[in-house]
Amino acid sequence: MPDLPILAWLLILSALVLGILAGHFGWGKRWTRGLGSRSWGSRSGGSRDFGKLHPDYLTGLDYLVTEQPDRALDMFLKLLDASADTIETHFALGALYRRRGEVERAIRIHQNLLDRDELAPEHREQALLALAQDYLRAGLLDRAEGLFQKVAEAPRLRASALAALRGVYERQHEWRQALDAYRQLAHLKSAPPRLVAAHYLCEIAALEMERGATDAARTLLRQARRETTAFPRAALLRSQIAERQNDRELAIRLLRTALNECPELLPEELPHLLALAGREQRDALLSELVAQARERGVSDLKRLVFAAIAADLSGAAPLAGALESVFTQDPALNAVWQAGRGNEERVAREVGALLNHAERYRCGECGFAARSFYWHCPACQSWQTFESYALVKLR
Ligand SMILES: [Zn+2]
């Protein structure tokens, strides 16, 4: 076990030794209330002298020292007593193995506990929850789901099991079930922010749209908007419905609402918005967008200009002034701009080519970078945490 920090092994070893000694010497027996201590001492009827340890314990230690962790674990599990005194040792050891990714060993520990008839009901529930977490870590989602559902029936661990179930359903894209778990958590006052429920509703609405059930999708989007104020995703999906129904004006209005509330969508949605507006309205719309971005500040103007450049719009007349402002305000960009004086459009095109190969977004929670916008971070599973991040390496 060379990769486990020595301190961690010392801690496990001390916990095991304490657990085994507690069982061996009957420490804390007054709390076991006739659960039936099964320490090796009482089973074997052997001596309870302080100076003598069971030979299996020494064999277990020997396996540990000679780096045979599974054999060592076999021995220790055989010796460990599942009474109230040592139960925490089992859970701590199991959790440690799981955190290290040694899931099979964690499963063996928790399964070993569950096999004991004398296990108190609350410890059985806890062991089931731990085993479900092991399966989750091992990627055995179906097994994890079944166990979490079982644990959710126990009032004491209901919130933990439902929270885990919500995560399992998210990973499987089972949005209706995720929403159901969310509602139950809300009932227990343990739900995450309502934004999460709004996104589940949007996921379900998008599925309804895919199968042509527009009315059902609209109802779900209305529900989503009730969950949270200023919810750009609902406006975006609603705009797509309007477009399908050939209501161009409404589609433009809703898409602009979405972009106002979530300017991060600009790189993906600007070409779409301009296509909806059509050639004759394009410049008027771009002028409005530039004026609006200027009002909101430098970073918004920069985002609009970069989105326009990436969409090969750098030659559009309403952008000329904005391009100059953005390029001359940034020291690195200014150097390129000045070098290309008289040929600004080519400079913008070259920057656009770089932008199209750059990772344009980054998750504000975990730092995951991507070229496409995600409402749900694929790395840390947070909702609506993607930020614009156009890193152009010019030198
Ligand atoms: Zn993330």
Side-chain angles (χ1 to χ4, degrees), residues 95 98-101 103 132-141 144-145 148 159-183 185-186 190-207 221 224-225 227-237 240 258-270 299-300 302-304 306-307 310 354-393:
R98 188 194 314 124
R99 269 205 302 280
R100 275 175 45 81
V103 187
Q133 286 162 340
D134 298 339
Y135 285 144
L136 186 62
R137 180 73 198 260
L140 301 168
L141 298 188
E145 182 186 337
F148 283 129
S160 311
L162 282 171
L165 266 177
R166 192 181 65 78
V168 171
Y169 294 137
E170 268 195 6
R171 279 173 67 173
Q172 294 174 311
H173 292 194
E174 299 280 3
W175 304 113
R176 286 183 192 280
Q177 283 163 295
L179 183 63
D180 185 50
Y182 180 95
R183 299 275 188 238
L185 281 166
S190 298
R194 292 178 71 181
L195 179 77
V196 174
H199 278 292
Y200 291 161
L201 286 159
C202 282
E203 294 285 355
I204 303 167
L207 292 175
L221 294 174
R225 281 204 306 274
E227 292 290 341
T228 179
T229 52
F231 188 48
R233 192 179 186 184
L236 185 66
L237 288 171
Q240 288 167 8
L259 289 172
N260 248 332
E261 290 171 351
C262 182
E264 286 77 13
L265 288 170
L266 263 172
E268 304 229 324
E269 295 296 334
L270 183 66
S299 61
D300 271 58
K302 207 169 184 175
R303 193 183 283 126
L304 175 67
F306 280 179
L354 289 171
L355 278 171
N356 281 328
H357 289 100
E359 277 161 341
R360 296 186 294 191
Y361 297 102
R362 186 167 51 182
C363 169
E365 279 294 316
C366 72
F368 176 82
R371 288 185 62 195
S372 305
F373 181 87
Y374 290 94
W375 294 105
H376 191 209
C377 174
C380 73
Q381 322 299 322
S382 300
W383 287 95
Q384 213 171 314
T385 49
F386 264 48
E387 297 161 353
S388 303
Y389 165 70
L391 183 73
V392 185
K393 291 194 180 81

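Sequence positions, counted from 1, serve as the residue numbers for this chain. Both counts, for ligands and for their atoms, begin at 1 and track the order of listing.
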Enquirer: Run the salt-bridge test on Arg303 and Glu269 with the 4.0 Å N-O cut-off and return the result as yes or no.
Expert: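 Judged by the 4.0 Å cut-off on N to carboxylate O distance, Arg303 and Glu269 do not form a salt bridge.
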
Enquirer: Quick one: does any side-chain atom of Tyr200 pair with a main-chain N or O of Asp180 as donor and acceptor, under 3.5 Å?
Expert: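 Checking the backbone N and O of Asp180 against the side chain of Tyr200, no donor-acceptor pair under 3.5 Å is found.
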
Enquirer: Do the rings of Phe373 and Tyr361 sit parallel, tilted or perpendicular, given the 30° and 60° boundaries?
Expert: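 Judged by the thresholds at 30° and 60°, the geometry between Phe373 and Tyr361 is perpendicular.
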
Enquirer: Between Trp175 and Trp383, how do the two ring planes meet: parallel, tilted or perpendicular, split at 30° and 60°?
Expert: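 Because their plane-to-plane angle is over 60°, the rings of Trp175 and Trp383 count as perpendicular.
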
Enquirer: Determine how many protein N/O/S atoms sit closer than 2.8 Å to the Zn ion (ligand 1), leaving waters out since they are not shown.
Expert: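 Excluding waters, the total comes to 4.
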
Enquirer: Check the pair Glu203, His173 against side-chain hydrogen bond (donor to acceptor under 3.5 Å, both in side chains), reporting the backbone distance first and the verdict last.
Expert: CA-CA 9 Å; Glu203 294 285 355; His173 292 194; over 6 Å; no

Enquirer: Not counting sequence neighbours, list each pair that qualifies as a side-chain hydrogen bond (donor to acceptor under 3.5 Å, both in side chains) and has a residue in residues 362-376.
Expert: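 Counting only pairs at least two positions apart or across chains, the side-chain hydrogen bond (donor to acceptor under 3.5 Å, both in side chains) contacts touching residues 362-376 are Glu170-His376.
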
